[in-house]
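Inspection log for the structure reproduced underneath, given as structure tokens.
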Amino acid sequence: MSEKITLEELKSSFRDVIDFPKEGIVFKDITTALKRPEIFRHLVDELYEKYKDLGITKVVGIESRGFILGAALAYRLGAGFVLVRKEGKLPADTHKKSYALEYGSDTIEVHKDAIDKGETVLVHDDLLATGGTAAATLDLIKVFEPKKVYASFIIELAFLKGKDALGESEELDIFSLVSF
Ligand SMILES: O=P(O)(O)OC[C@H]1O[C@H](OP(=O)(O)OP(=O)(O)O)[C@H](O)[C@@H]1O
Ligand SMILES: Nc1ncnc2[nH]cnc12
């Protein structure tokens, strides 16, 4: 079971780095949380408790920070793990999507054989900012015709309205552990 970590304690386990990677950005650094065993375990346990009974068969982790808890969660859920990677990193045939994020733009890819039709999929990333990255990922996995899609984040930067960009609906369930 999770040790008792309060929301305030969790929130203060992240570090703000001013003007990274660009001037004007307040970067939420999760490394200060991940290096603490009790916080790392709390993050995995909280997400596991939320998703354990939903029949999730694949967890999709978004490169690179989405791989950390995404993989731990897939293990706990008994699900497979799928990598959504930045362009040029996946070796076999891929589907691709370009997108804008809070401090730039990029292209992501997923292997064409990563998910089967009708699977229940949990997309995981560390942080939801403008929603550009997550929206591109959700678009990318639509081609697999999943039965149901969940999206989870450790942190949501609510003032950037990423949830609006994703468009919560009956088909899509969005959740973040912490909101700033
Ligand atoms: O909601 P958005 O505005 O799209 O921003 C969120 C994305 O930005 C960060 O990733 P980044 O591209 O910096 O990659 P990294 O995880 O490899 O550091 C973060 O991990 C999310 O993936
Ligand atoms: N402010 C921010 N902190 C950390 N990761 C981010 N990804 C996009 N915006 C971010």
Side-chain angles (χ1 to χ4, degrees), residues 7-36 39-40 42-44 46-47 50-51 58-74 81-91 94-111 114-115 121-142 149-169 171-180:
L7 186 58
E8 278 321 303
E9 203 179 339
L10 182 59
K11 280 181 141 178
S12 61
S13 73
F14 306 110
R15 166 168 58 193
D16 283 351
V17 182
I18 311 299
D19 292 337
F20 182 89
K22 288 185 173 165
E23 215 179 315
I25 302 291
V26 179
F27 189 88
K28 286 278 172 204
D29 179 16
I30 61 167
T31 65
T32 46
L34 299 179
K35 73 176 182 182
R36 292 172 56 185
I39 301 282
F40 187 86
H42 176 80
L43 293 169
V44 178
E46 288 293 301
L47 289 173
K50 169 147 176 83
Y51 294 107
K58 291 277 165 64
V59 176
V60 173
I62 306 177
E63 185 175 356
S64 61
R65 286 175 270 150
F67 291 169
I68 304 162
L69 282 206
L73 199 50
F81 184 67
V82 169
L83 291 79
V84 163
R85 295 211 65 182
K86 307 279 164 71
E87 193 174 25
K89 302 282 188 183
L90 288 174
T94 63
H95 298 296
K96 271 183 214 241
K97 185 91 194 164
S98 295
Y99 62 98
L101 72 163
E102 194 189 7
Y103 39 67
S105 62
D106 225 320
T107 300
I108 46 169
E109 295 185 276
V110 67
H111 275 145
I115 298 170
V121 175
L122 170 62
V123 171
H124 176 78
D125 205 351
D126 67 319
L127 184 139
L128 179 67
T130 62
T133 308
T137 302
L138 293 168
D139 225 42
L140 203 55
I141 67 169
K142 262 190 201 145
V149 179
Y150 298 88
S152 74
F153 305 89
I154 303 174
I155 299 170
E156 176 194 354
L157 301 182
F159 61 94
L160 291 173
K161 305 208 179 300
K163 273 189 177 159
D164 294 348
L166 302 190
E168 197 160 20
S169 67
E171 292 82 54
L172 176 65
D173 180 294
I174 308 168
F175 174 73
S176 59
L177 284 172
V178 172
S179 181
F180 288 99

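In listed order, ligands and their atoms are each counted from 1.
Protein heavy atom at the shortest distance from atom 19 (C) of ligand 1 is Asp126 OD1, 3.4 Å. Closest protein heavy atom to atom 17 (O) of ligand 1: Ser64 OG, 2.8 Å. For atom 8 (O) of ligand 1, the closest non-hydrogen atom of the protein is Leu101 CD1, 3.4 Å. Nearest protein heavy-atom contact of atom 5 (N) of ligand 2 is Arg65 NH1, 3.2 Å. In this structure, atom 6 (C) of ligand 1 lies nearest to the protein heavy atom Leu127 O, 3.5 Å. For atom 3 (N) of ligand 2, the closest non-hydrogen atom on the protein side is Lys28 N, 2.9 Å. With hydrogens left out, the protein atom closest to atom 9 (N) of ligand 2 is Glu102 OE1, 2.4 Å, a heavy atom. At the top of the distance list for atom 22 (O) of ligand 1, counting protein heavy atoms only, stands Asp125 OD2, 2.5 Å.
The shortest N or O to N or O distance between Ala129 and ligand 1 is below 3.5 Å. Any N or O atom pair closer than 3.5 Å counts here, and Gly131 shares at least one such pair with ligand 1. Remark: ligand 1 and Arg65 share an N or O pair separated by less than 3.5 Å (distance only, no angle test).
Ionic pairing of Glu156 and Lys163 is present here: one or more N-O contacts between side-chain nitrogen and carboxylate oxygen are shorter than 4.0 angstrom. We find that Lys28 and Glu102 are not joined by a salt bridge, their nearest charged nitrogen and carboxylate oxygen being 4.0 Å or further apart.
Environment of NZ in Lys97: sparse, with no more than 12 heavy atoms of neighbouring residues, nucleotides or ligands closer than 6.0 Å. By the 6.0 Å contact criterion, NZ on Lys89 is open, its count of non-hydrogen atoms from other residues, nucleotides or ligands being 12 or less.
No donor-acceptor pair closer than 3.5 Å links the side chain of Thr130 to the backbone N or O of Leu160. Checked by atom type and distance alone, the side chain of Asp19 pairs as donor or acceptor with a backbone atom of Gly24 at under 3.5 Å.
Within the model, atoms CD1 of Ile154 and CD1 of Ile39 stand 11.0 Å from one another, a figure rounded to the nearest 0.5 Å. Rounding to the nearest 0.5 angstrom, the gap separating the CD1 atom in Ile108 from the OG1 atom in Thr94 is 11.0 Å. In this structure, Asp125 CG and Glu63 CD are separated by 10.5 Å, a value rounded to the nearest 0.5 Å. Interatomic distance, CD of Glu87 versus CG of Asp106, reported as 8.0 Å (0.5 Å rounding).
Assignment of Leu127 to the shell around ligand 2 is supported, since a heavy atom sits closer than 4.0 Å. Ligand 1 lies less than 4.0 angstrom from a heavy atom belonging to Tyr103. Using 4.0 Å as the threshold, Asp106 has no heavy atom nearer than that to any atom of ligand 1.
Counting only heavy atoms from C-beta outward, the side chains of Lys86 and Ser64 never approach each other to under 4.5 Å. Inter-residue side-chain proximity for Glu9 and Arg36 is flagged as met; some heavy-atom pair is nearer than 4.5 Å. Taking 4.5 Å as the limit, every side-chain heavy atom of Asp126 sits out of range of all side-chain heavy atoms of Ile68.
Contact annotation for Lys86 and ligand 1: only side-chain heavy atoms (C-beta onward) come within less than 4.0 Å of the ligand. Of the heavy atoms in Leu157, only side-chain atoms (C-beta onward) come closer than 4.0 Å to ligand 2. For Thr130, heavy-atom contacts with ligand 1 shorter than 4.0 Å involve the backbone as well as the side chain. At a heavy-atom distance under 4.0 Å, atoms from both the backbone and the side chain of Thr133 approach ligand 1.
When each atom of ligand 1 is checked for a heavy atom of Glu63 under 4.0 Å away, the hits are 16 (O), 17 (O). For ligand 2, the atoms sitting less than 4.0 Å from at least one non-hydrogen atom of Ala129 are 8 (C), 9 (N), numbered in the order shown with element in parentheses. With ligand atoms numbered from 1 in the order given, ligand 1 contributes 3 (O) to contacts under 4.0 Å with heavy atoms of Glu102.
Between atom 8 (C) of ligand 2 and the options Phe180, Tyr103, Phe14, the minimum heavy-atom separation is to Tyr103.
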